[in-house]
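This report concerns only the one structure given below.
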Amino acid sequence: MTSAPWRLACVDCGAAFDAFALRYRCDCGGTLDAAPELEALRGRVSLADFDARLASRAPLDRSGVWRFRELLPPLEAGHVVTRLEGNTRLYDAPRVAAWCGLDALRLKHEGENPTGSFKDRGMTAGVSVARRLGMTRVACASTGNTSASLASYAAAAGMEALVFIPAGKIAYGKLAQALAYGARTLQIAGDFDAAMALVQQVCAAEGIYLLNSLNPFRIEGQKAIGFELLQDLGWVVPDWLVLPGGNLGNSSALAKGLAELHALGLIDRLPRIAVVQAAGANPFYTAWHSGQPVRPTRARTLASAIQIGDPVSWKKSLRGVQASGGVVEQVDDQEIMDAKAVVDAAGIGAEPASCATVAGVRKLVAAGVIRADEHVCGVLTGHLLKDPDAVVRYHRGELEGIRSTYANRPVEIAGGVDAVLQWLRQPQD
Ligand code: F0G
């Protein structure tokens, strides 16, 4: 699709490998970037072309990932496995903005992707490369969303999917998806980090294609969140982009994509990126503030999607956040669940991990890091229905250790219309 040469490059030592070499790490152990030679793209990528494709009916133009294909891995159209992912709404959220102390806030709802999370953007790229490589089996470890997405895209591609999930630690909606889309689903005793270590060993031993964000092509697809967000804004660059951080693939991707647009002269500045971690799963936050490398921790948070103690992509994310002049923040589960109630009650709705974004915005505004009049966009990463359990338990006041500040308790009424009318006509508290 593009004639720019691509290669894999080690984030640690800079060693380069063939673009489609079957490897996820350098010999030195460093993670890899899949990188186009930007000089070869100069003058050949145009925002007007990206915009023109919005009016097209061709599947590759309608996909919110492949629409930006000059900046994506060079594949033949026949290799692309797409569910027309992306094309998610960018909401103006005035009530959420007011709660955060901002004049305005826009939220890009990545939960509106085909399987309900941002992972579909990375997965279309990863599974398409798997097809290009002739792979028939794909695998991942997951806190739930990656496995749901992998299962769906593997099914679409006619590949066998194997997913490793930490038993009892993923939300039911996500487990349901992996099973429904036909993935072989392995619930392992242990946490996500243990599942991540295991899947790498199994993939190496069996020649199964690994589709965690350790796979650099996953990151390439996820870059399109930033491309599409800027396209939604008419290519006006906001002051801040805020998103949650777990394994740190997504923040790496967002930063990389925007840096490429900037290097190509297509945007004139970079937005500052703020990564928000759950306080119970905060190795990146700790590293950021101590200036030390990430030290694995035992993670514990209600936001199960980001319950990760040993993030694989932290160096890429660090590089990106630093280059953008960004920050790393943490929020506790109370802050996350309250932010979630506010996002949900605005009629937008998202899963707990996504709402770390909004909790983080509020905290950064209160701390004076983000000014009230700045142009802020947040990414909501997953759909509300991924984790209905968290919602119902919050509103019933049943979440251990959490005050249900904005509870909307369900009411039980025995009796007929008179009882209902009596209840309805009571003054609300
Ligand atoms: N939000 C949601 C809803 C997620 O599912 C994840 C990650 C993140 C945020 C964090 O993104 O890892 O790129 O920093 N979920 C992965 C999974 C780990 O397995 O579904 P990240």
Side-chain angles (χ1 to χ4, degrees), residues 64 86-113 116-118 145 171 173 225 228-229 232-233 238-245 250 271 274-276 278 301-306 329 331-367 370-399 402-411 428-429:
N87 301 303
T88 60
R89 256 80 65 179
L90 180 66
Y91 292 101
D92 205 356
R95 293 212 300 271
V96 184
W99 187 77
C100 292
L102 285 175
D103 297 346
L105 174 64
R106 292 197 175 90
L107 296 170
K108 179 84 171 154
H109 203 332
E110 288 293 301
E112 295 176 350
N113 269 288
S117 85
F118 71 98
N145 281 324
I225 298 178
E228 194 179 272
L229 199 155
D232 293 337
L233 294 171
D239 297 313
W240 288 93
L241 289 183
V242 187
L243 78 170
N250 205 25
V275 176
V276 187
T301 167
L302 281 175
S304 58
I306 50 173
E329 186 53 273
V331 288
D332 65 25
D333 283 0
Q334 182 69 51
E335 293 170 304
I336 290 175
M337 291 311 292
D338 285 342
K340 173 171 159 54
V342 170
V343 171
D344 291 354
I348 296 172
E351 70 163 285
S354 306
C355 298
T357 292
V358 170
V361 169
R362 188 180 205 227
K363 203 162 177 179
L364 289 166
V365 172
I370 299 180
R371 280 198 333 264
D373 62 351
E374 285 190 290
H375 182 178
V376 184
C377 295
V379 181
L380 299 176
T381 43
H383 198 280
L384 180 150
L385 290 175
K386 289 279 190 172
D387 193 353
D389 197 47
V391 180
V392 175
R393 287 171 64 205
Y394 177 88
H395 287 291
R396 282 193 173 140
E398 291 170 358
L399 278 180
I402 298 292
R403 255 175 297 111
S404 297
T405 319
Y406 304 108
N408 175 23
R409 290 200 167 73
V411 176
Q428 301 267 322
D429 45 62

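Computed from a predicted structure; not experimentally measured. For reference, positions follow the sequence shown, starting with 1. Values below: all heavy atoms of this structure, side chains included; hydrogens, waters and symmetry mates excluded.
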Compare every heavy atom of [Y] with every heavy atom of [X], then report the nearest pair and how far apart it is.
X      : Y      : value
Glu374 : Trp240 : OE1-NE1, 3.0 Å
Asp92  : Pro94  : O-CD, 3.3 Å
Gly101 : Val365 : O-CG1, 3.6 Å
Ile348 : Ala93  : CD1-CB, 3.9 Å
Ile336 : Ala303 : CD1-CB, 4.2 Å
Lys386 : Ala171 : O-CB, 3.4 Å

[X] side chain to [Y] backbone, donor-acceptor under 3.5 Å:
X      : Y      : answer
His395 : Ala341 : no
Ser354 : Gly382 : yes
Arg403 : Gln334 : no
Asp239 : Val376 : no
Glu110 : Val379 : no

- prompt: Would Ile225 and Phe118 count as a side chain to side chain contact (heavy atoms under 4.5 Å, CB included) if you check the C-alpha gap in whole Å, the side-chain angles of each, and the deciding distance to 0.1 Å?
  reply: CA-CA 8 Å; Ile225 298 178; Phe118 71 98; 3.8 Å; yes
Could you measure the distance from the [atom1] atom of [X] to the [atom2] atom of [Y]? Nearest 0.5 Å is fine.
X      : Y      : atom1 : atom2 : answer
Ile402 : Arg393 : CD1   : CZ    : 10.0 Å
Asp344 : Leu384 : CG    : CG    : 4.5 Å
Thr301 : Asp333 : OG1   : CG    : 3.5 Å
Lys363 : Asp332 : NZ    : CG    : 6.5 Å
Leu385 : His383 : CG    : NE2   : 5.0 Å
Cys355 : Glu335 : SG    : CD    : 13.0 Å

Worked check of side chain to side chain contact (heavy atoms under 4.5 Å, CB included) between Leu243 and Val275: CA-CA 5 Å; Leu243 78 170; Val275 176; 4.2 Å; yes
message: Would you say that Pro244 contacts Thr381 through its side chain, given a criterion of any heavy-atom pair below 4.5 Å between the two side chains?
response: yes
Sub-4.5 Å side-chain heavy-atom contact between Val276 and Thr357: no
query: Run the side chain to side chain contact (heavy atoms under 4.5 Å, CB included) check on Arg106 and Leu233 step by step: do they pass?
result: CA-CA 10 Å; Arg106 292 197 175 90; Leu233 294 171; 3.9 Å; yes
- prompt: Given Asn408 and Tyr394, is the side-chain hydrogen bond (donor to acceptor under 3.5 Å, both in side chains) satisfied, shown in steps?
  reply: CA-CA 9 Å; Asn408 175 23; Tyr394 177 88; over 6 Å; no
- request: Give the intermediate values and the outcome of side chain to side chain contact (heavy atoms under 4.5 Å, CB included) for residues Glu228 and Asn87.
  value: CA-CA 8 Å; Glu228 194 179 272; Asn87 301 303; 4.0 Å; yes
field: Positive for side-chain contact (heavy atoms from CB on, under 4.5 Å) with Leu107, one of Thr88, Leu90, Val361, Val358
entry: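 Among Thr88, Leu90, Val361, Val358, the one meeting side-chain contact (heavy atoms from CB on, under 4.5 Å) with Leu107 is Val358.
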task: I would like to know whether Asn145 and Glu351 meet side-chain hydrogen bond (donor to acceptor under 3.5 Å, both in side chains); could you show each step before the answer?
output: CA-CA 11 Å; Asn145 281 324; Glu351 70 163 285; 2.8 Å; yes
statement: With sequence neighbours left out, the residues meeting side chain to side chain donor-acceptor pair (under 3.5 Å) with Glu398 are none
